[in-house]
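Note sheet for the following structure.
Chain letters run A, B, ... following the sequence lines, proteins first, then strands; residues in each count from 1.
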Amino acid sequence: MNGTSISEKAISMSGVNKWYGHLQVLKGINLEVGRGEHIVLCGPSGSGKSTLIRCINHLEEIQQGSIAVNGTTLSQKGSNADHIRRDVGMVFQQFNLFPHLTVLQNCMLAQRRVRKTSVAEAKDKAMRHLERVHIAEQAQKYPAQLSGGQQQRVAIARALCMDPQIMLFDEPTSALDPEMVKEVLDTMISLADDGITMICVTHEMGFARAVAHRVIFMDRGEIIESAKPDVFFSNPSHERTKTFLSQILNH
Amino acid sequence: MNYTFDFAPVFAAWPSLVDGVVGTLKMSSLSMIFGLSLGIVFMMMRMSKQRALKAIAVSYIEMIRNTPILVQVFFVFFGMPAIGIRLSGEQAAILAMTLNCAAYAAEIVRGGVQSIRPGQIEAGRALGMHTVDIYRFIVFRPAIRAVYPALCSQFILMMLNSSLMSSVSAEELTYFAQTLDAQTFRSFEIYLTLGVIYLALSQFLSIALGMIGRVYFSYPAK
Ligand SMILES: Nc1ncnc2c1ncn2[C@@H]1O[C@H](COP(=O)(O)OP(=O)(O)OP(=O)(O)O)[C@@H](O)[C@H]1O
Ligand SMILES: [Mg+2]
């Protein structure tokens, strides 16, 4: 077996540049994520963290460079985006559950429409994942009837129903009241334990310590530092990383 | 004043008034359904990135909203035979009202679609759903819900405007009232009764639409 084959990588980004008009928001991003690897992405507001992960499932277009997911290179115009999205689940800061559908229907919709799963199978899988995030008893409720933490756990279950190999999280706990952060982080930790590949934008440093194989620090569109959590927190090599860490750890 | 009021001939003609009510409701509801569907097509063209589609939709919507509905139905009924399309009064009425309703519905529904947070569409895309499915299953209901009261007023207005369709002999309520007037000369009684019937119809429609709204477009929201 060839252990260094490119197809061994879950995600590989090389020379990625992205602009919004004249503003360059990603600058020469090179990033390789191995299968089963857990990455925590942090950095100041506006540094391009969301943009970076949104490029991976082509919610955003890139202007230069290339992105491959499980060995399939994303075409510039995104003609194979649907193919790539099959392997990539995403969880958003604002949950983005569908308000007119029950929790169960939220978890069944894409299975039915994208995977063409039968109702019975879709329901079965939805219930299994809802159980896994400890919210099966709320299956018949609507999103507005749930707390933020419960909604975010449903959003995670909804993504898992598509059997993704990779999960992207964009600040999944920053819209939550403090007392609900833990239930969502615990869910994510259990996912990590199952060996799914994940990239998580978060400033929850406890989470980073617990599950991350690497912590990546971004500033102004560039990857500044990438290190194992213990090294990253105790002995960062860049001045900007130190400044950033002192800011987030002090409050 | 030596006019003696006599509603007896009006009430005696109740079968034709019932026919009129049926005709009015039939034409109005068909036009609502067709008009909303066609309106959604125009709305999608209006919001499309393709310049040509957008231009067609914008021109259409502006043209309809800036000409009288009576002129529109005259064009359909009297004008179109010149190009070989000959319709009955009722067909012409339904077509004209559908075309008219579509333009207004397109603008109303567009407002609803614009009220949907982009995160909803992104969630659908991230799950691998196609654009058509995203609109059909994710955007449609919340969008209609957001503008449902406006849509209902438009429908009620259209039901009332259907009285103009009597001028192409579409067999709706006003048409029967005019016929009755010509036979009995009881104009005061006839048009007063007619007004009361329209009032009752719009109340009825409002309640019916409200019930449909509660069944299809209501769900708990924060
Ligand atoms: N749709 C857009 N149009 C124009 N500029 C944008 C758009 N989205 C983001 N930007 C800009 O791109 C830059 C990077 O934004 P991004 O959202 O990726 O940052 P972030 O690191 O996720 O920040 P935060 O921590 O606040 O979420 C910012 O300067 C932002 O203003
Ligand atoms: Mg962000």
Side-chain angles (χ1 to χ4, degrees), chain A residues 50 53-54 56-60 78 80-103 105-116 140-148 151 154-155 158-164 166-170 175, chain B residues 36-37 40 43-44 47-51 53 108-152 209-222:
Chain A
S50 299
I53 65 168
R54 290 160 58 85
I56 294 170
N57 63 351
H58 205 263
L59 289 182
E60 304 285 353
N80 60 353
D82 281 335
H83 177 74
I84 277 168
R85 286 173 188 150
R86 278 164 195 260
D87 292 337
V88 182
M90 187 168 217
V91 173
F92 303 84
Q93 182 174 0
Q94 298 297 337
F95 329 135
N96 295 340
L97 293 180
F98 308 130
H100 58 298
L101 301 179
T102 63
V103 163
Q105 289 166 339
N106 261 278
C107 294
M108 289 172 65
L109 178 62
Q111 294 191 66
R112 299 272 299 133
R113 301 307 304 174
V114 180
R115 295 249 188 259
K116 313 288 178 198
Q140 299 305 330
K141 287 200 178 162
Y142 286 87
Q145 297 169 317
L146 304 181
S147 73
Q151 289 189 57
V154 172
R158 179 176 72 178
L160 292 178
C161 283
M162 301 303 284
D163 303 317
I166 301 168
M167 285 285 284
L168 307 173
F169 293 86
D170 192 358
Chain B
L36 179 60
S37 315
I40 289 171
M43 180 274 294
M44 297 206 293
M47 291 181 74
S48 126
K49 287 195 190 84
Q50 282 190 282
R51 290 258 196 82
L53 289 181
I108 294 173
V109 175
R110 186 164 69 99
V113 170
Q114 283 170 338
S115 77
I116 303 299
R117 286 190 298 112
Q120 292 285 304
I121 295 166
E122 285 173 0
R125 287 169 64 198
L127 287 164
M129 291 175 69
H130 294 295
T131 304
V132 174
D133 274 359
I134 289 176
Y135 275 88
R136 190 165 150 209
F137 295 103
I138 299 175
V139 174
F140 179 72
R141 263 173 66 189
I144 297 283
R145 175 195 164 107
V147 294
Y148 196 65
L151 209 51
C152 291
L209 290 170
M211 273 161 48
I212 292 173
R214 272 194 295 283
V215 173
Y216 288 106
F217 299 113
S218 75
Y219 46 85
K222 279 226 173 92

Is B:R145 close to chain A through its backbone or its side chain, or both, or neither, when contacts mean heavy atoms under 4.5 Å? neither
B:P220, B:G124, B:P142, B:A221: which one forms the most heavy-atom pairs within less than 4.5 Å of chain A? B:P220
Keeping the roles fixed (side chain from A:N96, backbone from B:G119), state whether a donor-acceptor pair exists under 3.5 Å. yes
Report yes or no: does A:R85 contribute a side-chain atom to a donor-acceptor pair with the main-chain N or O of A:N57 at less than 3.5 Å? yes
Whether A:R158 engages the ring of A:F98 as a cation-pi pair (distance to the six-membered ring centre under 6.0 angstrom, angle to the ring normal within 45°) should be assessed. yes
Side-chain heavy atoms of A:I56 within contact of A:I166, under 4.5 Å: no
Pair count under 4.5 Å, heavy atoms only, with chain A: among B:E122, B:R117, B:H130, highest is B:E122
Is B:Y219 reaching over with its side chain to a backbone N or O of A:P143, donor-acceptor style, under 3.5 angstrom? no
Taking the six-membered ring of B:F137 as reference, does the cationic atom of A:R113 (NZ for Lys, CZ for Arg) lie under 6.0 Å from its centre and within 45° of its axis? no
Top contributor to chain A interface from B:R141, B:M129, B:R125 [non-hydrogen pairs under 4.5 Å]: B:R125
Checking heavy atoms, do the side chain of A:V88, its backbone, both or neither come under 4.5 Å from chain B? backbone
Engaged part of A:L97 at the chain B interface, taking heavy atoms whose separation is under 4.5 Å: backbone
Side chain, backbone, both or neither: which part of A:L146 has an atom under 4.5 Å from a heavy atom of chain B? backbone
